[in-house]
A.B. asks: 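Structure incoming, see below.
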Amino acid sequence: MATKTVTFRCQEEQEHQMAHSMRLSAQIKKRKFQSSDEEASYSEFYPIIPGDLISAKELLDFGKSPRHRTWQVLKQTMAADEEWQRSKWTLFGNEAEKVEVEVIRNQHIIRTRADRMALRQQAEKRARVHLKFLEDLSLKPPDFPVPLHCHTVWEGMGVKLSCTVQGCPTPHVTWYKDGIPLKKFHHPWNYRLQQTYGLNVLEIRRCSVEDAGEYKVVARKHTGRGHHLCHSDGELIPGLLGWDGVLLEPKCDSLTLLGFSSALLPFQQDVAWFLDGVPLRESSRVQLQSSLSSSSLTVRGMHKEQEGVYTVRLRTLEGVQEHSAYIYVRDGSSEVVGAPGSPLEVQCRDVNRDYVFLSWKPPSADGASPVQGYCVERCEIGVGEWVRCNEVLQKLCHYPLQGLKENTMYQFRVRAVNQAGAGRPSKPSDPVLTSDPAEPGRTMVVKVDRGREIIITKDQLESQIRVPFPPTDVHASEVTDTYAVVSWTEPEPRGKEPLTFYVERSIAGRNSWQLASMDMVVSSPRFAVFDLLKGTSYRFRIRSVNKYGVSEASEPSEPVSLGAPQAPPGPAHGILAIPDTDSSVLLTWVEPKSKEGVLGYYLYSCEAGTSDWNTVNNKPITGTRFTVHGLSAQKQYVFRVKSVSRAGTSEYSEETPPILVKAAIGTPSSPSAIALLNCTGTEMVIGWKAPARSGGDSVRGYYLDQMDTTLEAWHEVNIKPIKERIYKVSNLLEGHYYQFRVIAANVVGIGKPSEPSQAFLCKEWTMPEPGCPYDLECREVRGTSLVLLWERPLYEGRSPVTGYLVEIGGEDEKEGWTLLTQEPITDTHLKVSSLKAGKTYRLRVTAVNEAGVGMPSLPSEPITAQTKPGTKDIEIGVDDDGFIFLAYESQQMSQGSQFLWAKNYRDAIDAGRARVETSKNRSTLTFTNPSEEDLGLYTVAISDNPEDSSSFNFTAEDLERMMELSWQVRNPLIALRYPWQVEVMEKGEVRFWLQTESLSASAELHLILNDREISSTPARKINFNKAEGLVEILFETLSQADEGSYTAQLRDGRAKNQFTLVFVDEKFRQTLAKSQAKRADWKRKAGPHFLEFLSWTVTEECHLIFRCKVTNVNKDSKLKWFKDGAEITQAVYDQQSGVSTYTVEQVTKREAGVYRAVVSDSRGEDVTTLELVDNEFEKVQQHLSKQCALSAGPMEIQCTAEGFKLYCSLKYYLSYMKTAWFFKEKRIDQEERTKVGSSMQKVWIEIFNPTENDKGKYTLEMFDGQETHKRTLDLSGQVFADALLEYQRLKQVALAERNRARVTKGLPDVVAIMENKSLCLTCFSEGDPAPEMFWLKNERELASSNQYSITHDHKCTTLTINNVTTEDSGNYSVFVRNKYGGQTVNVTVSVYKHGCSG
C-alpha cells in the first residue's frame, strides 16, 4: 500500500513540473529583457542628427514628403538593431528553457532517490523491529498453553497424553516417566511420540500396570543468553529466567535481576516480584524499577535469608505469566577454623514490656563437629554494643528472653557453637520495641463535632483503684525439657498505677509457696523458669504489685513439669538424582516418616571419588525436589540430604549413586544455510549447513523436502537418510521456482525442519563467473581471532577458480561488508586476526576466476569473538617412549563426540606416519617416524561441535627441538640433584657425597680414583643408597694417598651418567688441615674444655666483664684465672652452668695485659687466652667511653657564689673519652672566667662572675673514639634570669659567711679544776667588723666582779675565775657577734674537792 501511494505522488509531481515548464517557456518568449547592452548610452550606437539639418516636416513624416538622407540611414540602422535584438532574445529563451528542463529532470531524479531511500529506511526499520521482536520472543521461556491432564484408563486400552508448547525458537520437548526419559525404557515400541505444530502427543498403545506413573514433559530452549526450561505434569511450573542458578557470596554489595528485555505495554507496567511466593516491597535494601522495556529488582546486602525462588509476574493479554529462578547465597567463612555456619531467620514474637520470645533456624554447616548449642546476643538501638544473653548454651532453636528494658528498641542475633568455638553471627533480627501490647486496647477515641476528638484511657477511668486485683488465667504457654514459660492475664481493672508481678511456685501437692522471680522485676505477663527439676510437677501463682501494695495470690495453675527432650527429625530417604542439563541435576527425595516439626531440607553435593562435600542451599527447602545448578559438565557427583527442625538437623541421608552431569539426549536442531550450488536445467545441487546442536548424539542422516512454488506443497526428495550435506535433486521442471528444507535425524529421532530456502529458479547456469562457495564453518574461535573454512564452488564458470575473497561484517546487516583479503587467496581456509573481543561478526566468501568475481556465499552464522572458559590449544611433547605427539583436550565432549584430526584442515592423516589415540576427553596424534615430511599445519575438531577446535603449525624448529628431547628420553641421563660435596665431620673424618634422582634397586655404581676402580675398605667406606640416589665415601683419616680425581659412574636401566670430583692441590691441603684441626679439637673436647672462649663485654654500668664457659666438667674439675702469669682470685665460677666471669668495676691502664683461663682434671686440661693489649685494650676503652657517653644525663646548672657551674652526670668518666665545651657553636677555650673540670662521675665547666654576655646555648661534646655524643643546655630567658638571681643571692650569702663573727680558737669541751684554784678561759675570734664578745654561765651573762675577771684584747677575750668553788661548776659559753652574725662556744667546768678525782 505504501509503494502505490508513493508512485501516485511521483506522477502528480511530474505533471505539475511539466505544466510549470510550459508556462515558464511562454513567459520567456513574451517578456522583454533588458540587457547590459541596452543600459549603455545611445550615442555609442546611433548618430546624433543636429536640428538645423532636419525640418519639422521631415520629423512629422506627413505623407510621402521627401526626407533627409540622414533619416534613411537612421531607419536602416534601427531596423538592423531590432532584428539583432529579436534573434538575441530568441536564443536566450531557448537556452533558459533547456536549463529549466534540466533542473526539473534533476529534481525528479533526486526526489526519486529520496523516496527510494525513505522506503528502504522504512523497510529496514520494520525489519529491525521484527528482528527485535524475534529476539525478545527468543528470550522468553517455553510455555504450555494446554498442559497435561490426569488420565484413568482400563488395562489393555490405549491412551493419548497431549499438550501444546509454545516458544521461539521451537523448544525441544522430552517426555519422562517417573523422572526417566521414555527412550530408556525396554519397550519403546509401546510408546509413540508425535509433535506437530506445537502439539505434542504421547500415545500408549496398550496400557498395563507398569505404565501407571507420573508422566512429565520438559521443554528446553537454548538461547544466546541462557537455558530455558519448562515442565508440565498436570500443573504449570514456570520457566526459569536467564539468571538461573546465580551463586552469591554472603553480605555481597547487591544483586540485580532483569525481568524482561522487550517493550512493555502500558497495562504491563505494574510488574510484581516475589521471593518464595511473598511479594517484595520497596525498602532501603530492596529497589524495584520498571521502564518501558525492562523491569529490575536490586537487593542490597544479601544474606542467606534472601536465598530462594525469585519470581517476576507480568500481566499479558492471555493472562498472568510468571518466571522464576533460584538464587543461591553462599555462607560466609567462619571466623574460627572448624566453627559452624551462622543461623538464619531470627524472628521475635510475643513481644512484651520486658519479654521477647526468639526463634531461628539451624545453619546448614555444622563445621568440624556437631553443633552443641546456641548463644543469643542483644543490642540496644543507638548503643551499638552486642551483649550475650544466655550463659548456658540453648540446644533448641527458640529461647525466651526476659529482663529487658521497657520502651527500648532491640535487635537480636544468634551464634552456633561447637567444639571448635562460636561461628559467625546470624543476620540481626528486625528491630522490635519492648512495650505493652495491650496498651492500644486501653485507649478510646471519641469523635465530636468539627472533626475534634476526645481521647479517653482506661487509666483515667480506673484512677480510683488502689491495691490491685490478682491476675487470672495462670498457665504454661511454652514447655520444653529445659524451661517453662508461665503466662497469665493482667487483672481487669488494673488501675492507673504501673503494675509489676510476683511469681510464686510450689511443688504440686504441697502448700509451701516460694518466690520464683526472686530479685527480678517482672513487668510483663510472661515469666520463663529455667531451674525446674525433671520429673517434678510444679504449680504457679501470681501476685500483682503497684505502689499501693500487693494483691492477693491468683488461682494456682495446673501442674507443670518439664517435657521430654525434643529429638532431631529423621533423615529423608529415597533420594534420586536425575540428569537435567550440562550444569544441573534434578534431585528428588521422600520425606521422613515423622514430618512433625520439619522446617525443610539442606542438600549437599560432592564430586565422586572425593570427600569434599559442599552445601547446595543455605536456606531450608520446603519441597521434596530441587534442581542443583552450577555443576561441572562431564563430571560425576553424589548427593545427600538433611532434614531441619527447631531441634536441629538430622543425620545425613544415604548417598545417591554417582551421576554424570550431562544434558539428556534429544533430537538435533534444524540445519541452516540452504544454498543452490549448481543447476543444469533439470537438476539442482543443494547444500546446507549441519545443525548447531546435535542433541547429544551425532547426526545419522538428513531428509530433504522440495516444494514447487506454483503448487505450494512439500514433497519428500529422499526416502533413505543422506550422510553428506550435498544432494542432487533431479526431475525438475526448467523455468520453475523451487524451495527446499532439510531435516536432521539422530538416534533419538527426527528434528525440526529447517526454515524454507529462498525460491531457486531451475535454469541452467551458463555465466562465466563461478558459483558460490558453501559450507562456511568457523573454528578456533578466540578472543581476537578465528579460522574460517569453506568448500570450493561446484560450478566454476568458464575457467577454473583462481582464488577467493573473504569479507567480514558486523552483526547488523546494514553495517556492510569489508574485504579482509585485498588479493585473492588460493586456500579454502583463512585465519582472521585483529578482532575485537566480545564483538559479533559475520563472514562470507566469493570465488574468483578469469571472468571475474562470482556469487558470494551465504553469510556465516553470527559468531562472537571470545575465548570460552576451559578452552585449550594443541600441545606438543614427547611421551615416555620417546615418540613425538600432538595432544588436545576438550571440556565439551558428549557421548557420541569424536576427535577429527586433519592436516591443513582438509588432508587426512597418513596412517603410516602417525596414529591417533583417544582416551575420554583427550586425543593424541603420535608420529611413528617424524621427519620433514610431517611438517605442516595440524588441526583437530570435535565432530558435533566444530567450534571446539584448535590448530598447531609443526615447524622445523619444533621438529629439531622435539627430536633432541626424544633422544634424551630414549637415552636418558640420571639427573643430578646435588653435585659432589666435601664435608669434614666433627671427629675429623672426611665425607664425599653426591645425590641424584631416586634410582631403582637394579642401579649400579662404579667408583674410579685416578683411573683405577676402588671399593670399600675399613679406612675408606663406600655407601650407595639407591632409593635416595645417595653416593658417599667416608675417610676415617685423610692421607696423602687419598689425593686425586674421583669419578662415580652410575647406570640404571637405560639411564646412565657419571660425575667427577677433582680433589687435588689447594682443595686437598685445605681439607686435610681442617680435618686435622677438627680431630685435635675433638680430642680436646674429650675432657673438660671451653665451650665459649674468653671474651669481654662492657655493661651499661660501665663495668668490664670477662667471660668464658666450660663444659664436660665433673666435681674434680678446676677452673683458674691468670693475668700476666698471676692468678686472679676474684673470678666467679658457676659450676652448674659452666659460666665463669671476672668483673672490673673501674677500668684503668693496669687492666691491660694477657688473661688466661685454665680448666683441668684427671682427663686433661684446656686453655683459653685473651690478649688485652694495644689495639684490643684501646677497643675496650672505646666501648667504655661509648657507654660512659650514653649514660650521660641531661646538662644541668648549679649556681655558686663564684658564678655558674654547668655539669653533666655520668655513671663513669674515663680519661680516654675526649670532651669539649661549646658556647653558641664556638669552642670554649681555657679562660680566666671559665674553668673545666671532671670527676669519676661528673664533667663540668665553671663560669665565674657571669654577665648578660654569658646568655646562650651551651653544648658538651663527648667523643668516644668513633662517635660524638652531645648534651645541650639553653641558658637564656627565664632560666638565665633565675640562675643569675640565685648566683647573686649565693654571692651575698658567701660574703656574709666570710665576714661573720666566729670563734677561731675555741675553748675545750670540758674543764676539771680543783677547788680553790683559779681558772682562766681564753677565746680568740675574728670578723669584719670586729665582733663583740660576751661570757655566759648557764645562759646568763657574766660581768666582771671579785669572783669573775673578764678582759678583752682586740679579738681575744679572757675569763678568770678566782678561787673556784663547787658553786662555780656549770656550763660556760662565750658568744661573739657582729652585724653579719655570731657564734657561741660552750665549755663545761667541773670543780672537785681536794682528794676527789675529777
Side-chain angles (χ1 to χ4, degrees), residues 348-359 398-407 432-445 456-480 483-533 536-563:
C348 305
R349 60 181 178 88
D350 199 9
V351 181
N352 226 296
R353 283 183 292 219
D354 63 347
Y355 173 88
V356 170
F357 190 83
L358 300 178
S359 62
H398 47 73
Y399 185 72
L401 199 59
Q402 55 192 6
L404 304 176
K405 298 179 183 178
E406 189 174 357
N407 295 323
V432 294
L433 177 65
T434 52
S435 60
D436 187 1
E439 189 64 29
R442 296 179 57 83
T443 303
M444 180 174 61
V445 179
I456 303 175
T457 63
K458 286 189 177 182
D459 292 343
Q460 297 172 344
L461 302 178
E462 300 172 357
S463 60
Q464 302 300 323
I465 302 299
R466 298 295 182 181
V467 178
F469 294 100
T472 59
D473 190 21
V474 181
H475 64 283
S477 60
E478 188 81 24
V479 178
T480 68
Y483 66 86
V485 177
V486 181
S487 303
W488 60 89
T489 304
E490 293 183 342
E492 186 69 26
R494 74 178 186 182
K496 181 179 180 180
E497 301 300 329
L499 279 181
T500 57
F501 304 95
Y502 287 156
V503 181
E504 299 177 350
R505 73 180 179 189
S506 174
I507 298 177
R510 301 182 183 178
N511 200 22
S512 57
W513 293 92
Q514 298 176 351
L515 187 63
S517 56
M518 302 300 289
D519 298 334
M520 184 180 300
V521 177
V522 181
S523 301
S524 304
R526 305 286 187 275
F527 185 74
V529 187
F530 290 91
D531 56 348
L532 302 180
L533 299 177
T536 304
S537 298
Y538 297 86
R539 303 184 69 176
F540 296 89
R541 65 184 187 184
I542 315 299
R543 296 179 186 267
S544 303
V545 183
N546 63 8
K547 72 175 185 179
Y548 296 108
V550 181
S551 70
E552 296 292 332
S554 67
E555 291 294 328
S557 67
E558 294 295 327
V560 177
S561 60
L562 295 178

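What you see is a predicted model, and the numbers here were worked out from it, not measured in a lab. The figures here come from the full heavy-atom set of this structure, side chains too, leaving out hydrogens, waters and symmetry mates.
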A.B. asks: Under 6.0 Å between ring centres, would you say that holds for Tyr502 and Phe527?
C.D. replies: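 No, the ring centres sit 6.0 Å or more apart.
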
A.B. asks: Can the ring centroids of Phe501 and Trp488 be said to lie less than 6.0 angstrom from one another?
C.D. replies: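 Yes, the ring of Phe501 comes within the 6.0 Å limit of the ring of Trp488, centre to centre.
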
A.B. asks: Give me the atom names and distance for the closest heavy-atom approach of Asn546 to Leu499.
C.D. replies: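 Residues Asn546 and Leu499, closest heavy atoms: CB-CD2, 4.1 Å.
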
A.B. asks: Specify the closest pair of heavy atoms between Pro470 and Pro491, including all atoms of both residues, with the distance to one decimal.
C.D. replies: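 Looking at all heavy atoms of both residues, the shortest contact is O-CB, 3.6 Å.
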
A.B. asks: Side chain of Ser544, backbone of Ser551: donor and acceptor closer than 3.5 Å?
C.D. replies: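 A pair under 3.5 Å: no.
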
A.B. asks: Give the intermediate values and the outcome of side-chain contact (heavy atoms from CB on, under 4.5 Å) for residues Asp350 and Glu478.
C.D. replies: CA-CA 11 Å; Asp350 199 9; Glu478 188 81 24; over 6 Å; no

A.B. asks: So how far is it from Met518 CE to Asp531 CG, rounded to the nearest 0.5 Å?
C.D. replies: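 Going from CE on Met518 over to CG on Asp531, the span is 9.5 Å.
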
A.B. asks: Can you see which heavy atom on Arg543 is nearest to which on Ala553, and at what distance?
C.D. replies: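 Here Arg543 and Ala553 meet closest at NH1-N, 3.4 Å.
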
A.B. asks: CG of Leu532 to OG of Ser537: how many Å apart, nearest 0.5 Å?
C.D. replies: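 Between atom CG of Leu532 and atom OG of Ser537 there are 10.0 Å.
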
A.B. asks: So, the side chain of Asp473 versus the backbone of Thr489: is there a donor-acceptor pair under 3.5 Å, distance only?
C.D. replies: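 Judged by distance alone, no pair lies under 3.5 Å.
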
A.B. asks: Is Ser524 reaching over with its side chain to a backbone N or O of Asp354, donor-acceptor style, under 3.5 angstrom?
C.D. replies: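 Flag set: sc Ser524 to bb Asp354 pair under 3.5 Å.
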
A.B. asks: Locate the shortest heavy-atom distance separating Val351 from Val356; write the atom from each residue and the value.
C.D. replies: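 Here Val351 and Val356 meet closest at CG1-CG2, 4.1 Å.
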
A.B. asks: So how far is it from Ser554 OG to Glu504 CD, rounded to the nearest 0.5 Å?
C.D. replies: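 That separation rounds to 8.5 Å.
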
A.B. asks: With distance as the sole test, does Ser523 use its side chain to make a donor-acceptor pair with the main-chain N or O of Thr500 at under 3.5 Å?
C.D. replies: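 Not a single qualifying donor-acceptor pair exists.
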
A.B. asks: Using side-chain contact (heavy atoms from CB on, under 4.5 Å), reason through Val474 and Thr472 one step at a time and then give a plain yes or no.
C.D. replies: CA-CA 6 Å; Val474 181; Thr472 59; over 6 Å; no

A.B. asks: Using a 3.5 Å distance criterion without hydrogens, assess whether the side chain of Gln402 forms a donor-acceptor pair with backbone atoms of Ala528.
C.D. replies: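 Yes.
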
A.B. asks: Over 60° means perpendicular and under 30° means parallel, so tell me whether Tyr483 and Phe530 are parallel, tilted or perpendicular.
C.D. replies: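 It falls in the tilted class, 30° to 60°.
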
A.B. asks: Measure across Asn407 and Ser435 and return the closest heavy-atom pair with its distance rounded to 0.1 Å.
C.D. replies: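 Heavy-atom minimum between the residues: OD1-CB, 3.8 Å.
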
A.B. asks: Side-chain polar contacts of residues 509-517 - donor-acceptor pairs under 3.5 angstrom, sequence neighbours left out - could you list them?
C.D. replies:
residue, atom, partner, partner atom, Å
Asn511, OD1, Trp513, NE1, 3.0
Ser517, OG, Val503, N, 3.4

A.B. asks: Check whether more than 12 heavy atoms from other residues, nucleotides or ligands sit under 6.0 Å from atom CD of Glu439, and answer yes or no.
C.D. replies: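 Count over threshold, so yes.
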
A.B. asks: Using modelled atom types and a 3.5 Å cut-off, is there a donor and acceptor pairing between side-chain atoms of Ser506 and backbone atoms of Arg539?
C.D. replies: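 Side chain of Ser506 to backbone of Arg539, a donor-acceptor pair under 3.5 Å: no, none is there.
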
A.B. asks: Are Val522 and Tyr355 side-chain neighbours, meaning at least one heavy-atom pair lies under 4.5 Å?
C.D. replies: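 Val522 vs Tyr355: side chains apart.
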
A.B. asks: Tell me whether the count of non-hydrogen atoms from other residues, nucleotides or ligands lying under 6.0 Å of CD in Glu406 goes above 12.
C.D. replies: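 Buried by this count: over 12 neighbours within 6.0 Å.
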
A.B. asks: Do you know which two heavy atoms are closest between Val560 and Ala476, and how far apart they sit?
C.D. replies: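 Distance-wise, the nearest heavy atoms are CG2-CB, 3.7 Å.
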
A.B. asks: To the nearest 0.5 Å, what is the distance between OG1 on Thr480 and CG on Leu562?
C.D. replies: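 Answer for the OG1-CG pair, Thr480 versus Leu562, is 7.0 Å.
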
